[in-house]
Amino acid sequence: MTEGESIRFKRLTRLISENFGAFFAVIALDGKILHFDLSKAAILGLQADKLIGYPVYDQILPGIHREMWPLSCEVDCDCFPLVVEYTKVDKTVLWDAEIDLVEGNVILLGNVVEDASNQSKSYDLLAERVRRHDRLMGNLPGMVYRCRLDRDWTMEYVSEGVVALTGYSREELQSGEISWGEDLIIAEDRDYTWNTVLEALSKQEAFVLYYRIKTKSGAIRTIWERGVGIFDAEGKVTALEGFIANATPLVEAQSELRITNTKLNNILNAATETVVIMTDTDGVITTFNRGAEKLLHHRAEEMVGKETPIAIHEPAEVITCAEELTAELGEPVSGFETFVAYARRGLPDRRVWTFVRKDGSKFKVDLIVTAVRNDDGEIIGFLWVAEDITNQLQVQDDLRLAKERAEASNRAKDEFLAVISHEMRTPLNPILGFSNMLLQDCEDEEAREGLEIIERSAYKLLHQIEDILNFIGIDKQKTKVELKPTQVWTYSHNVVRDLESMSNGNEFSVVNGCDSLAPAIDKSLTVLLDSELTSQILSNLITNAFKFTLRGKVCLHVGWRDEDGGVLRYEVSDTGIGIPRDKHDTIFQPFTQVESNYTRRYEGVGLGLAICSKLIEVLNGRMAFQSEIGVGSTFWFELPAVRVDGTNGEATAEEMNAQLFSKFRVLVVEDNLDNRKLIVGFLQKIGADVMTAPDGPTAVERCRQYDFHVVLMDISMPEMDGFETTQQIFAGCSTEPKVIAVTAHASEDVKQKCAAMGMVDFLPKPVTLESLRTVLESHWSLR
Ligand code: ADP
């Protein structure tokens with residue numbers, strides 16, 4: 001109480017006592033008298049020098065009211081009226097008193113109603129007081145008692161509350177019919193109760209205890225009791241007085257709370273690899289789990305109630321983050337707020353932080369800070385959950401390094417492939433070309449046979465090189481899919497026509513429709529298709545069918561389903577040797593062949609189907625097969641395909657050739673004489689006007705002088721390469737010819753570079769009559 005308040009109280013006290021004959025006391029919650037109207041002390045029979053600073057129950061409220069202190073703990077009301085009967089040896093005074101809790105102190109307003117030392121007063125008044133006293137006692141949330149100190153706890157007085165608490169009436173207890181000690185306290189708790197009370201009495205202290213009673217209905221109930229001994233002048237206990245309340249709900253709640261807390265602690269501590277820290281709203285740590293102890297090397301006792309999480313963070317990092325948050329949130333953020341600014345706003349806050357251990361060593365964590373709220377949604381603290389990510393970061397680092405290494409080795413592989421493909425294919429080019437050309441005009445049977453062997457072997461070698469390069473080069477991410485309108489029926493026939501020569505004596509035809517799986521197509525059906533990649537798949541499947549069918553029938557079925565925007569289905573069926581069941585699962589794996597016998601007989605490196613499945617993946621299709629030994633095999637695949645209007649016409653290849661190559665002027669730029677001669681020979685065969693240039697500068701010169709439809713440009717040339725030559729042709733010519741790259745550098749990178757230079761297509765070496773014809777066909781229509 002402040003000095004001002006104290007003066008005001010004194011004035012009030014004087015006013016009340018002078019004018020109303022009442023008295024007034026201010027008592028602290030622990031029962032100590034702070035102010036008392038000392039002028040009333042004599043009337044009340046009190047010793048004036050034993051009031052201020054002494055406990056209120058020493059003189060003013062002895063006996064029965066002693067157990068009510070300290071009020072702050074056990075009385076949960078701010079107004080507590082009572083009647084006090086006050087007896088001194090030489091004087092009896094009755095007075096009413098009202099107790100109010102005001103601003104943390106107890107105000108006791110007393111009014112002397114009777115000086116009962118004069119025994120002549122009427123009993124009526126006394127009876128009235130007793131009734132009032134009883135009523136008030138009955139209103140208490142429990143029972144008040146006075147009993148003897150014996151094992152029965154013989155009750156001299158019990159308030160009305162006993163009925164609600166025990167089920168027995170006041171009379172049953174006060175008459176001794178029911179013994180508190182025998183009938184109510186359960187057997188297990190009797191000694192404990194007795195001993196606890198005796199011990200408190202021996203020290204002249206109040207006793208507080210919990211024990212169990214059996215109510216009249218047989219229910220077991222836990223009760224709370226607080227009482228004091230009443231001592232005579234010699235210090236002998238004359239009675240016990242106290243207050244008893246039902247503690248069952250409290251005990252149950254406490255035990256539930258204990259279980260919950262235990263569970264929570266177990267969970268927190270079981271997370272030995274996770275830091276879990278809780279703080280109050282000011283940031284002071286309230287929980288520091290075992291994981292936090294283990295990872296940070298601090299003991300919970302060192303942190304709880306003493307530190308904030310700033311102690312485990314790297315200061316520089318906190319400052320940087322605070323600056324970022326200040327800028328982001330538009331208000332100053334610093335210190336502990338740095339961690340909880342988001343959480344306070346109900347936002348999730350997840351960041352990578354550096355934690356500092358007790359010994360100063362550091363480690364990275366993935367930390368989530370969230371606000372802990374009560375049922376009303378108010379923030380009552382914050383929760384830190386952090387995971388040590390040192391290993392994870394290490395793995396990420398390793399992965400990055402591995403990726404970089406893999407990319408470097410991939411680049412090296414690409415370069416190696418480019419060189420190998422050039423070196424291996426360049427000599428094959430003239431071998432194949434010239435054998436092909438010589439065969440066209442060779443009349444001598446023996447020479448022809450030799451030439452055919454040369455051509456076959458060279459092709460075989462070429463295919464094997466191509467298979468290997470192809471397999472390594474196909475990549476879902478890198479391989480470019482070029483969808484062009486393709487008339488399916490014509491396209492399918494062209495595929496058959498191109499492969500017919502390899503049929504190995506088998507019947508070979510196109511069949512419209514794949515039974516019920518994909519009905520027959522309309523012959524004008526035109527879809528967007530990467531015909532080049534599709535041809536590669538078909539070519540692999542068809543050549544396999546030829547290879548593994550000694551004499552029989554190979555069919556290319558084509559069908560169309562309208563589902564999911566359109567599905568194009570191809571089936572390659574044969575009546576060949578079939579594939580044993582135990583090989584069905586491995587057949588698509590690279591370098592897999594069914595039997596070495598067959599391999600030798602049929603040749604191949606076991607890459608055809610592996611290439612097919614890679615290509616199918618690139619084209620987002622699916623593929624499978626059915627096969628039976630001795631009956632044959634059917635390999636099928638389906639591609640998603642968009643149907644487009646318009647057709648490429650149904651002209652036959654021959655008709656198209658006739659239109660195509662008349663008065664078609666072509667410049668062949670090639671430094672290698674053999675290759676130059678070869679290409680010129682092919683072009684002449686298909687009736688084009690041909691001019692040649694052995695190097696870049698000559699090519700540029702020729703283009704200035706003449707108007708060409710197409711320039712076939714070798715890429716690898718000394719001095720000025722094909723790229724630079726193309727650039728200069730485009731820069732210096734009035735009419736821009738279509739430039740087609742001719743190179744053994746079959747890599748994707750080179751293709752992309754050609755496209756970037758403005759070249760319209762790419763013709764891989766070795767050039768054949770067929771490949772030249774196809775590429776020229778596809779560009780003629782562009783002019
Ligand atoms: P290869 O280049 O050796 O033909 P593939 O990957 O194309 O490699 O085929 C792998 C193996 O699958 C072949 O060696 C063969 O044993 C078997 N195979 C593929 N197609 C057929 C088929 N139509 N009939 C029988 N066996 C086949």
Side-chain angles (χ1 to χ4, degrees), residues 254 256-326 328-329 331-396:
Q254 277 175 346
E256 230 165 74
L257 194 66
R258 251 196 317 277
I259 292 168
T260 310
N261 278 343
T262 311
K263 272 191 200 157
L264 192 65
N265 276 334
N266 287 347
I267 292 169
L268 287 181
N269 288 329
T272 53
E273 302 307 318
T274 305
V275 173
V276 182
I277 297 173
M278 281 173 87
T279 72
D280 62 17
T281 46
D282 297 327
V284 177
I285 295 173
T286 53
T287 301
F288 198 81
N289 82 330
R290 206 158 287 160
E293 288 188 311
K294 185 177 164 196
L295 295 174
L296 289 157
H297 303 177
H298 283 287
R299 291 212 322 281
E301 307 89 85
E302 297 166 347
M303 306 302 280
V304 173
K306 295 176 187 152
E307 296 283 356
T308 76
I310 293 180
I312 53 163
H313 277 269
E314 189 171 56
E317 214 174 57
V318 181
I319 292 169
T320 313
C321 183
E323 285 167 2
E324 283 169 17
L325 284 172
T326 302
E328 189 186 323
L329 301 172
E331 53 189 81
V333 176
S334 64
F336 177 70
E337 277 308 302
T338 313
F339 309 116
V340 300
Y342 265 55
R344 269 198 208 287
R345 288 162 177 77
L347 301 168
D349 190 358
R350 182 173 190 169
R351 284 165 210 268
V352 172
W353 288 97
T354 306
F355 271 4
V356 184
R357 294 192 188 91
K358 195 174 179 180
D359 62 6
S361 59
K362 295 169 187 170
F363 62 105
K364 293 274 182 199
V365 291
D366 178 11
L367 170 65
I368 301 173
V369 179
T370 38
V372 181
R373 293 170 191 272
N374 63 14
D375 289 347
D376 299 329
E378 289 159 12
I379 294 178
I380 53 168
F382 295 97
L383 177 67
W384 253 245
V385 180
E387 217 61 77
D388 181 352
I389 53 167
T390 314
N391 288 344
Q392 197 180 321
L393 291 178
Q394 185 62 46
V395 170
Q396 276 173 8

Sequence neighbours left out, what passes side chain to side chain donor-acceptor pair (under 3.5 Å) with Glu301? Give chain and number order.
Arg299
Does CG belonging to Asp376 count more than 12 external heavy atoms closer than 6.0 Å?
yes
For Glu323, enumerate each residue passing the side chain to side chain donor-acceptor pair (under 3.5 Å) test, keeping only those at least two apart in sequence or located in another chain.
none
Using side-chain heavy atoms (C-beta onward) and a distance below 4.5 Å, is Met278 in contact with Phe382?
no
For Phe288, the ring-ring contact (aromatic ring centres under 6.0 Å, His included) test, sequence neighbours excluded, returns none
For Ile277 against Ala292, the heavy-atom pair lying closest together:
CG1-CB, 4.3 Å
Mind checking side chain to side chain donor-acceptor pair (under 3.5 Å) for Thr390 and listing every partner two or more places apart, or none if nothing turns up?
Asp388
Out of curiosity, Thr338 OG1 to Trp353 CH2, how far, rounded to the nearest 0.5 Å?
6.5 Å
Do Leu393 and Gln396 have side chains that approach each other closer than 4.5 Å (heavy atoms only, starting at C-beta)?
yes
Rounded to the nearest 0.5 Å, the CG atom of Asp375 sits from the CZ atom of Arg373 at a distance of 12.5 Å
For Arg350, give me all partners under side chain to side chain contact (heavy atoms under 4.5 Å, CB included), at least two apart in sequence or on another chain.
Asp366, Ile368
So do the side chains of Thr279 and Phe336 get within less than 4.5 Å of each other, counting heavy atoms only?
yes
For Ile379 and Arg344 the tightest heavy-atom approach is CD1-CA, 3.9 Å
The criterion is salt bridge (charged side-chain N to carboxylate O under 4.0 Å, His left out); which residues satisfy it with Glu314, sequence neighbours excluded?
Lys362
Considering all heavy atoms of both residues, which atom of Tyr342 and which atom of Leu325 are nearest to each other, and what is their separation?
CE1-CD2, 3.3 Å
Tell me which one of Val318, Ile285, Val340 satisfies side-chain contact (heavy atoms from CB on, under 4.5 Å) with Pro309.
Ile285
Side chain to side chain contact (heavy atoms under 4.5 Å, CB included) with Val352: which residues, sequence neighbours excluded?
Lys364, Ile389
Val276: which residues meet the side chain to side chain contact (heavy atoms under 4.5 Å, CB included) condition with it, sequence neighbours left out?
Leu268, Thr274, Asn289, Leu383
Could you list the residues that satisfy salt bridge (charged side-chain N to carboxylate O under 4.0 Å, His left out) with Arg258, not counting sequence neighbours?
none
Atom CD of Glu324 and atom CZ of Arg351: how far apart are they, to the nearest 0.5 Å?
7.0 Å
Could you work out, with salt bridge (charged side-chain N to carboxylate O under 4.0 Å, His left out) as the rule, every residue matching Glu331, not counting sequence neighbours?
Arg345
List the residues meeting side chain to side chain donor-acceptor pair (under 3.5 Å) with Asp280, not counting sequence neighbours, and say none if there are none.
none
Could you work out, with salt bridge (charged side-chain N to carboxylate O under 4.0 Å, His left out) as the rule, every residue matching Glu307, not counting sequence neighbours?
none
